[in-house]
S.K.: 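I am attaching a structure below and will ask some questions about it afterwards.
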Amino acid sequence: MLGVLMSSLFPLCSVCAISDNVKGSPSEPAFFSTLGCPPDIPSPPILVNRTKNSLLLKWHPPCTNGSRIHTYILQYDKGDRDSKSGFHTVFDGLEKQFKVTRLQPSTCYRFRLQAANSHGASGYSNEARIFTSGSVPAAQDPPSLSESTAHSLKLHWKTCAGDVSGYLLEMEEKYGFQPAYRGEETTYTCTCLARNSEYKFRLCAFNDEGSGRWSSVVAFRTKPDTPRAPQRPALKGKIHSNSFRVTWEPPRDTGGAEITSYLLELSEASDGGFQEVYRGMEKEHVCNDLRPGTLYEVRVSCSSRGGTSSYSEVCSLTTLPVCPGQCPPPRLHGRPKAVSLNLRWSSPEYDGGSPVTEYLVVMTAADPDSTPQEVHRGPTEIMECSVNNLLAGKVYSFKVQASNKLGAGPFSETLQITTGAGPPDRPEDLTALFKSPTSACVSWGTPSHNGAEVTEYKLEKASESGVFGLAYTGPSTSCELRSLRPATYYYLRVQAINAAGPGLFSDVTTCMTPSSSPEVVPLLRVISSTSDSLLLKWTEPNNCGEDILAYNIDIGKDQTIVVEGNATEYCIDQLEADTKYRIRIQAVNNKGAGPYSATLKATTQALPPAPPRLECSLFGHQSLKLKWVDVTKVVSLDGKSLNYCLEMEDRKGKYSIVYAGINTSHKVSRLSENTIYKFRICASNEAGNGPYSEEYSFSTLKAPPAVLKAPSITDVTETSVVLKWATLPPLLEDKIVYQCQCLKGRDNNDNKQIIYRGEDSTYSVLSLEPNTEYGFRVCAVRVPSDSPELVGVYSPWGMVQTHSNRRREDQTDGGEGGPHSQRGLQERAPLGDQQIAALIMSCFLVGAILIAVILQYLVS
């Protein structure tokens, strides 16, 4: 179903079938025309000029909808709105403007327009209200104030009766009244005004005849602005532990009105909540009942008729602190020991307004002649301490004191504690006697047991690393140490233990074991290898007190290599390729040879492969296909194929890589014809790159000539035709000849004959049979002087049918006016390519001109 189409259009429509989402080709386009209709409703008439008694109107033509407009109808109401007669026709014609005369001054007239064509009349346009010229407007009432702010005044006024084009509002400034607004609106907002200031205004209406009388002058005042925040409060006088006095300055900008009051707020920095402490006109205040050593924040704001300002910047003040209060008595942590005990204590209930900086713990012995002794003084992070170097079974008194930056507070109440029994003293006379480089006999004296018998001794030793480890534990005062390292320093200490616990360690005794032969080499590895050598590297072992003089390297098969000096690297050469060796090493000094290291298995690399033989399996005029044969049949050490690198010599005599991979053939393309190229190749595996082969030279062939187009056939008769074909440029210095074949019939491919061979590009074929279809094709032949000729590919067949004898007779006997002559004119030779192209272009040009004419008609 076609949709609604515009009137008097010539659409093109075509139809196609759709089945299973498969769309067929469209049908031939069909042309048809829609029916016409009356014109569209025109726009209202427009005023061009007016006087007191006439109005000049014009209008724009509407859409014709398929038929030209033959008349316009202009109607008006004669200026009488209350008349029941309605609109009257004042103009009926084809013009697009009309001057209405005999009108009343200063009168509003209503106009409407209608257009008509051969199909009927359109609807009336919207009404246009137009005044004739008259007198200036009457005097206007003064404007009224709608809204007032600190920097703007919003005014409004009543609408003036009669013909009014707009209103002019003026405001009094430095140089008298100046225009502030000119327009049709009855409201206007004056901006960018000064705050708390009086402004005078007057108003008049105007039209085309001029401006009316000014209204009376009225005055309005802007509101005051909100004052700025006062300056930040400052301390006045000295600050005390319970009070301070603050003062502040009024704001730099009061907003155009006087300040009526100030508001002071105070807050502790810890809780963050501000509270009102003063409201009045004074600009200073004393804040009382404050806590010592507390950080306070104060801020101030002010108020006026314009509102309340924002708060000032915060001023931070801290009251003076005092000394801290008394701490609770210290308390014992755990059970007291014979020579030490642990104490803990708590912070005072009141820190005096300043954080506690340190604690002091004082100890007094039970002896009446003893004096108080300081046992701890430290920061507040440490709330416990250990008291050492006490006597077993004694009574001690302890008390604690807190201090801040103001000073020290009072001491706490006293805590009395009795110590317990003590461990034994440290042993003395610790000695060691060496029996061999790896063993020693250690003994020590019996210490004082301090009230409890010694039940156990603990002997510890440390080597040069400095870390002590347990060597002996038991009741005896001597022991034997074994598995020591020769020429090594050892550190010994012993400790006695009783029921009260372990005593202090004895003084450290230092001793050194005798020297011996070197230790085993800890690490032996192969750094690199070739087909006939191995580079070894090892870590120097412990020499056990004597310098290393040499190394013995055993590579198996009763072969030992002596490396003089304290070397840690050696290259073993003159080895067999691809052979596995078992290697071990030992160090030698003045005491003898040390043990052999662990056996290292190492294998020498295989020899690099020999180059393969290079051959050319396929020659072309732009490519050469090369292949190569591996003579040695050697593969990679991991069982994979060898890698090959094929290189070709360029024009500068340098070789560049044309192929690298595991294939045994490669086609080299983009070569020049009849050119000699040099190649070389090498093979590689994990052992490395093998040597390059000798140079191989291969030459490309000469290129055959290009394929020709089908020959053009002209001058067709009963027994002859003329063949023409395109020529080719000469290739290098070789001559180009052309060879033409003839085929009788379309399907008789076996009956092909060469009818011409030569350098010409035209040939006349004679002795043909009348009324017979023949095919002709041509190819180019390159004739080198030093090689066989190269025959190119034949062109496509060009088919033609010779004329019949009867047609010839008809042309001869019919004359110029007979029917046989007309038949002969109709049976013309087939058109050529240029003639067909000219015919297509002519058809396309005619179609384009026809479409342009149709579109131009539709637009008009």
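FYI, side chains are in, hydrogens and waters are out, and symmetry mates aren't considered; it's all heavy atoms of this structure.
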S.K.: Parallel, tilted or perpendicular: which describes the rings of F679 and F698, with under 30° parallel and over 60° perpendicular?
M.R.: tilted
S.K.: By side-chain contact (heavy atoms from CB on, under 4.5 Å), which residues pair with L618, not counting sequence neighbours?
M.R.: K625
S.K.: Is K458 paired with E456 through a side-chain N to carboxylate O contact shorter than 4.0 Å?
M.R.: no
S.K.: With a 4.0 Å cut-off, would you call K702 and E673 a salt bridge?
M.R.: no
S.K.: Let me confirm one number: the CG-OG distance from L614 to S697, rounded to the nearest 0.5 Å.
M.R.: 10.5 Å
S.K.: Say whether, by atom type as modelled, one donor and one acceptor occur between the side chain of S370 and the main chain of T364 under 3.5 angstrom.
M.R.: no
S.K.: Would you compute the distance between atom CD1 of I553 and atom CZ of R584 and round it to the nearest 0.5 angstrom?
M.R.: 12.5 Å
S.K.: To the nearest 0.5 Å, what is the distance between NZ (K678) and CD (E695)?
M.R.: 5.0 Å
S.K.: Could you tell me the separation between the OG1 atom of T604 and the CG atom of L534, rounded to the nearest 0.5 Å?
M.R.: 6.5 Å
S.K.: Which residues satisfy the side-chain hydrogen bond (donor to acceptor under 3.5 Å, both in side chains) test with S669, sequence neighbours excluded?
M.R.: none
S.K.: Quick one: side-chain hydrogen bond (donor to acceptor under 3.5 Å, both in side chains) partners of T431, sequence neighbours excluded?
M.R.: S443
S.K.: Does E374 use its side chain to pair, donor to acceptor, with the backbone of L360 at less than 3.5 Å?
M.R.: no
S.K.: Would you say T530 and D532 are linked by a side-chain donor-acceptor pair, where the criterion is simply a distance under 3.5 Å?
M.R.: yes
S.K.: Taking atom types as modelled, is there a side-chain donor on E384 or N342 under 3.5 Å from an acceptor on the other?
M.R.: no
